[in-house]
There are 2 protein chains.
Amino acid sequence: MAMAQRLSAKDWAREALVVISEGGLGALAVESLARRLGATKGSFYWHFENRAALVAAALERWELTHTEGTIALAESPLPDGGQPSPAEQLRRLLTTVVGYTRHGDLEVALLASADDPQVAPVLRRVTERRIAYVARLYEGLGLAPEDARRSAVLGVSVFLGHLQYARIGTVPPEPTGPEWEDYLELVIRTLMPADTPAGQR
Amino acid sequence: MAMAQRLSAKDWAREALVVISEGGLGALAVESLARRLGATKGSFYWHFENRAALVAAALERWELTHTEGTIALAESPLPDGGQPSPAEQLRRLLTTVVGYTRHGDLEVALLASADDPQVAPVLRRVTERRIAYVARLYEGLGLAPEDARRSAVLGVSVFLGHLQYARIGTVPPEPTGPEWEDYLELVIRTLMPADTPAGQR
DNA sequence: GGCCTTCCATACGGGTGCGTATGGAGAACC
DNA sequence: GGTTCTCCATACGCACCCGTATGGAAGGCC
């Protein structure tokens, strides 16, 4: 990532996200970041007021881009080109969740700094957005809005729990072999509304 | 906590846990800790090799004491002195989980440093132990060992998810009013095996 | 090609935190 | 009451990181 060219604020923010994903928010130091970009602090402090401004820019960038990544994946068209049903979208989401094991991911790294006053509001918004999305899916499956929201809160908590499993190093659900298939099946059966047609479960 | 008397290694470890619960592992600095105890670094480095040794001692202390706290609460006797049934124990656990909102707790603070090489194994062990305990409850409710383990993994993930909710600041399940009761009821209904007698759900 | 604006390197000061060195107080022991 | 061992305070060196000051190179503009 050594840049010979001049740098923009966007370059700094992008590389900052890489550093965060690798070593967490605490690993984000101005001088080391400058070295990675083949520059020095002098350049940095021309583009940014201070370190906090860089963190804010990086977080904003993350919230804009990666936020809807998982959701977009769930909504991606079927092989026949059709729109996936809510049940199918929920199934995809849960499969992704249970298979989550990637350490070094940005989301996992940010989770570590959830208490940080700059990070917390971002995570709050992202989480709230996800709950709203899952609630819409439950509504599509026939649940009343209040019930759908409650089920979504529970479902997202399972997601966050598995993220935590990934952080402490793949405790239980190793995505290998039939063991994992059985677990995935349990999760889907548990979190799918009872009156969903069996063919969609 | 200013100690006039001489200090023991246990004193340092105990106060270290207080500091961690207040500000996270990163807030644990030797000199500030010494000030809290009315001492200086000179004392500390006589009792401990270095900061890592203090962290290890504090974590060991936490793992020994607080680990089984929640479980002990679930197993505490009924008003009539009898042993609570597995269904009742599971109900208590879930109620505690859903009501979890205390920030500044040690568990929440340690969660932030789950990536730390000293912390991760401790959290792994504690989590594994909890899964084993919940699995035993599910077995008591009639599930086969493999099914019980899978359900326990899912249940503990809900617990970890709610811990995360607490970290980013009580996103959805505010334990106030009937809204919360409804949510708790959903969680219990979802995580309790289907063939549990209705009276115990 | 001179000029001005944009961007960046170097050098410096300050703060924090870890770990070491060394001497000295206080209890214990005889 | 002197010696020895235990415990601790002070002082120092070192590393890291933030932020500022200042001079200078690079590129547009006329």
Side-chain angles (χ1 to χ4, degrees), chain A residues 1-61 109-110 112-113 115-119, chain B residues 1-61 109-110 112-113 115-119:
Chain A
M1 198 62 197
M3 311 282 284
Q5 299 294 45
R6 290 195 162 185
L7 297 171
S8 69
K10 190 188 288 185
D11 293 326
W12 287 94
R14 189 177 333 119
E15 188 70 9
L17 285 179
V18 176
V19 171
I20 292 174
S21 74
E22 287 174 2
L25 189 59
L28 183 62
V30 174
E31 307 194 49
S32 77
L33 186 65
R35 274 193 300 273
R36 288 176 66 114
L37 291 169
T40 64
K41 309 191 328 179
S43 172
F44 174 83
Y45 281 100
W46 192 90
H47 291 286
F48 294 93
E49 184 72 16
N50 50 29
R51 182 181 179 276
L54 170 69
V55 172
L59 287 177
E60 186 183 6
R61 193 179 166 78
L110 284 181
S113 304
D115 308 295
D116 185 284
Q118 291 194 85
V119 175
Chain B
M1 199 62 195
M3 312 281 283
Q5 300 293 44
R6 289 195 163 186
L7 297 172
S8 68
K10 191 188 285 184
D11 293 326
W12 289 93
R14 187 174 338 114
E15 189 70 9
L17 285 178
V18 176
V19 172
I20 292 174
S21 75
E22 288 173 2
L25 190 59
L28 182 62
V30 174
E31 307 195 49
S32 79
L33 185 66
R35 274 194 300 274
R36 288 175 68 113
L37 291 169
T40 63
K41 307 190 331 178
S43 172
F44 173 83
Y45 282 100
W46 193 90
H47 290 286
F48 294 93
E49 184 71 18
N50 49 30
R51 182 182 178 276
L54 171 69
V55 173
L59 287 177
E60 186 183 7
R61 194 180 165 75
L110 284 181
S113 305
D115 308 294
D116 185 284
Q118 290 195 88
V119 176

Using whole Å, report how far CZ of A/F48 lies from C1' of C/dC8.
15 Å
To the nearest 0.5 Å, how far apart are CZ in A/F44 and CG in A/N50?
7.0 Å
With respect to the phosphate group of D/dC8, does any side-chain polar atom (N or O) of B/H47 fall under 4.0 Å of OP1 or OP2?
yes
Can you tell whether the side chains of B/R36 and B/E31 come within less than 4.0 Å, N to carboxylate O?
no
Name the closest nucleotide to the B/S43 side chain, picking from C/dC18, D/dA9, D/dC17.
D/dA9
A/R51 CZ to C/dG15 C1', in whole Å, measures 15 Å
Return the value, rounded to whole Å, for the distance between atom CZ of B/R6 and atom P of C/dG26.
9 Å
Just the rounded figure in Å: distance from P of D/dC7 to CH2 of B/W12.
14 Å
If I take atom CG in residue B/L37 and atom C1' in nucleotide D/dC7, what distance separates them, rounded to the nearest angstrom?
15 Å
Mind calculating the distance between CG (B/N50) and C1' (C/dC18) to the nearest angstrom?
9 Å
Nearest to the side chain of B/W46, heavy atoms from C-beta on, is which of D/dT6, D/dA9, C/dT6?
D/dT6
Could you tell me which non-hydrogen atom of A/W12 sits nearest to which non-hydrogen atom of A/L37, and how far apart they are?
CE3-CD1, 3.5 Å
With the side chain counted from C-beta on, respond yes when B/L110 and B/L59 share a heavy-atom pair under 4.5 Å apart, and no when they do not.
yes
Mind checking B/L33 for me? I need base, sugar-phosphate or nothing, with any heavy atom below 4.0 Å counting as a touch.
nothing
Could you state the atom-to-atom distance from CD of A/E49 to P of D/dC18 in whole Å?
15 Å
d(CD, B/E31; C1', C/dT16) in whole Å
8 Å
